[in-house]
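Below is one structure, written out as structure tokens; comments come after it.
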Amino acid sequence: TRSTRPQRLLKAVQKHATRGDPQSVISAIDHFCRHSEWAMNIGDEKGSILDSVVSEVNPEKVLELGTYCGYSTVRIARLLPPGARLITLEFNADYAAIARQVIIWAGLEDKVQLVEGASEDWIPRMKEHFGIETFDFVFLDHWKDRYLPDTKLMEDCGLLRKGTVLLADNVICPGVPDYLAYVRNSLSYKSCYFKSHLEYTKAEDGLEKSVFLG
Ligand SMILES: O=C(NCc1cccc(CNc2ccc3[nH]ncc3c2)c1)c1cc(-c2ccc(F)cc2)cc(O)c1O
Ligand SMILES: [Mg+2]
């Protein structure tokens, strides 16, 4: 049967990127998505904003909600200091299988733990299962109707500390209005918007950066 888009994206990485070279993996995926098939990676324009926020935070403990093919996982993990750890959650088993291979091709498997399952099942288990106290940085890029409930769940589970940075993709397109209203009106967050474009297109999109104030 016909291959899937994630399978074709992985093939492009294995054909054009150099093993162990994260930047070449990023470039190969961006080239594939611009010139062959659009895919819902954060992309190079929003990806540069992600890079600057990660570099500013310099996190030891990172949570990513929504791995997809591992593009943003690679973008984040390549910037982490030695000993830092990224846990990435992916509900879709087919996406997870591709992402594992992309992360290995980039040579970042030692920094990344990819967990298959739903955020609502795994967020309450972060402490006992992964020995995580709190996260320094959380990247939200999963189902858009889960951003708000999962943020509240992370608060309730004590996974956020004074200064934890949340960065949310797609706050304009597809949009996460309930989440935006919450982080922008809550006294527990300092929030700001980074205007950009939907990956590989001219449509408006952006990232919302929200610092938890405790
Ligand atoms: O919807 C999006 N992404 C989320 C998503 C989507 C599908 C499947 C999954 C399954 N993965 C999953 C689910 C639940 C989970 N719980 N915990 C982990 C976890 C993981 C996740 C998205 C859409 C567009 C977009 C599409 C079309 C268009 F025209 C414009 C824009 C652009 C994006 O950048 C996007 O990020
Ligand atoms: Mg996204």
Side-chain angles (χ1 to χ4, degrees), residues 40-43 45-68 71-73 75-76 79 85-92 95 115-130 132-199 201 203-214:
M40 61 178 176
N41 317 115
I42 191 173
E45 191 180 312
K46 288 187 291 178
S48 298
I49 299 167
L50 171 64
D51 289 356
S52 61
V53 174
V54 171
S55 300
E56 173 199 354
V57 175
N58 203 31
E60 293 285 319
K61 297 270 179 277
V62 178
L63 176 63
E64 175 179 62
L65 300 176
T67 316
Y68 187 42
Y71 176 89
S72 51
T73 320
R75 285 203 82 112
I76 296 167
L79 298 175
R85 289 284 167 276
L86 189 165
I87 295 173
T88 184
L89 292 186
E90 180 49 60
F91 178 74
N92 181 304
Y95 295 170
V115 179
E116 280 184 53
S119 45
E120 61 269 25
D121 298 333
W122 280 102
I123 286 171
R125 301 180 58 200
M126 281 297 156
K127 291 187 189 241
E128 42 99 8
H129 197 88
F130 297 100
I132 296 272
E133 270 312 300
T134 56
F135 286 106
D136 306 311
F137 181 77
V138 182
F139 179 55
L140 298 91
D141 194 22
H142 58 328
W143 284 333
K144 306 316 164 192
D145 61 357
R146 292 297 317 172
Y147 283 28
L148 182 52
D150 286 341
T151 297
K152 290 181 173 175
L153 186 57
M154 286 187 286
E155 289 174 18
D156 297 345
C157 294
L159 287 168
L160 308 182
R161 53 131 175 112
K162 256 190 215 348
T164 296
V165 171
L166 307 186
L167 189 66
D169 190 25
N170 309 119
V171 298
I172 302 300
C173 178
V176 278
D178 60 344
Y179 173 83
L180 270 193
Y182 180 73
V183 291
R184 289 176 175 176
N185 299 321
S186 166
L187 295 177
S188 299
Y189 292 92
K190 179 87 187 85
S191 205
C192 65
Y193 174 61
F194 292 82
K195 183 178 164 76
S196 184
H197 295 93
L198 176 69
E199 49 265 30
T201 79
E204 181 177 348
D205 190 20
L207 303 173
E208 188 82 1
K209 176 190 169 190
S210 308
V211 184
F212 186 62
L213 303 173

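Side-chain atoms are counted along with the backbone in the values below, which use heavy atoms only and exclude waters and symmetry mates.
A heavy-atom distance below 4.5 Å is found between the side chains of L79 and D51. Within the 4.5 Å cutoff, the side chain of F194 has heavy atoms near those of the C192 side chain. Two residues are said to be in side-chain contact when any heavy atoms from C-beta on lie closer than 4.5 Å; L86 and K61 fail this criterion. Looking at D136 and V165, their side chains never come closer than 4.5 Å, going by heavy atoms from C-beta outward. Side chains of V54 and F139 form no contact here, defined as non-hydrogen atoms less than 4.5 Å apart. Within the 4.5 Å cutoff, no side-chain heavy atoms of S210 are placed close to those of K190. Inter-residue side-chain proximity for I76 and E64 is flagged as met; some heavy-atom pair is nearer than 4.5 Å. Side-chain atoms of I132 and R125, non-hydrogen and from C-beta on, never get closer than 4.5 Å to each other.
Of all the heavy atoms in P174 and N170, the pair that sits closest is CD-CB, 3.6 Å. Scanning both residues, I172 and D205, for their nearest heavy atoms gives N-OD1, 3.1 Å. What you find for Y179 and A168 is that their closest heavy atoms are CE2-CB, 3.6 Å. In terms of heavy-atom proximity, T164 sits nearest to F137 at CG2-N, 4.4 Å. Shown here for G66 and T88, the closest heavy-atom pair between the two residues is C-OG1, 4.5 Å. Smallest separation of non-hydrogen atoms from E208 and S191: OE2-OG, 2.7 Å.
In this structure, the separation between OG1 on T151 and CG on D156 is 10.5 Å, given to the nearest 0.5 Å. For the atom pair L63 CG and L166 CG, the distance stands at 9.5 Å (nearest 0.5 Å). Interatomic distance, L207 CG to L167 CG, rounded to the nearest 0.5 Å: 5.0 Å. From K144, atom NZ reaches atom CG of L140 across 8.5 Å, with rounding to the nearest 0.5 Å. I123 CD1 to L153 CG: the interatomic distance, rounded to the nearest 0.5 Å, is 5.0 Å. Distance CZ/F130 to CZ/F135: 8.0 Å, rounded to 0.5 Å.
The closest donor-acceptor contact from the side chain of E90 to the backbone of T67 lies under 3.5 Å. A donor-acceptor contact shorter than 3.5 Å links the side chain of E45 to the backbone of H197. Side chain of S55 to main chain of S52: no donor-acceptor pair is present (N/O by atom type, distance under 3.5 Å, no hydrogens or angles). Judged purely by atom type and a 3.5 angstrom limit, T134 has no side-chain atom pairing as donor or acceptor with the backbone of L159.
Screening N41, D141, V176 for a side-chain contact (heavy atoms from CB on, under 4.5 Å) involving D169 leaves a single residue, D141.
The local environment of NZ in K195 is sparse, with at most 12 non-hydrogen atoms from other residues, nucleotides or ligands closer than 6.0 Å. Within 6.0 Å of the CZ atom in F91, the count of heavy atoms belonging to other residues, nucleotides or ligands does not exceed 12.
Inspection of the S119 and D150 side chains reveals an N or O donor paired with an N or O acceptor under 3.5 Å.
Using a 4.0 Å cut-off between charged nitrogen and carboxylate oxygen, K152 and E155 do not count as a salt-bridge pair.
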ask   = Stepwise, does the salt bridge (charged side-chain N to carboxylate O under 4.0 Å, His left out) test hold for E199 with K46?
value = CA-CA 7 Å; E199 49 265 30; K46 288 187 291 178; 2.7 Å; yes

request  = Show your reasoning for whether side chain to side chain contact (heavy atoms under 4.5 Å, CB included) applies to L198 and E204.
outcome  = CA-CA 6 Å; L198 176 69; E204 181 177 348; over 6 Å; no

task = Under the salt bridge (charged side-chain N to carboxylate O under 4.0 Å, His left out) rule, what do E133 and R161 come out as? Steps first, then yes or no, please.
result = CA-CA 9 Å; E133 270 312 300; R161 53 131 175 112; over 6 Å; no

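For the pair K209 and Y189, the cation-pi criterion (under 6.0 Å, within 45° of the ring axis) is not fulfilled. Note that R184 lies in the cation-pi zone of Y193, set by a 6.0 Å cut-off to the ring centre and a 45° limit from the axis. Annotation: cation-pi geometry not satisfied between R146 and W143 (NZ/CZ under 6.0 angstrom from ring centroid, within 45° of ring axis).
Taking the six-membered ring for Trp and the full ring otherwise, the centers of H142 and Y68 sit at least 6.0 Å from each other.
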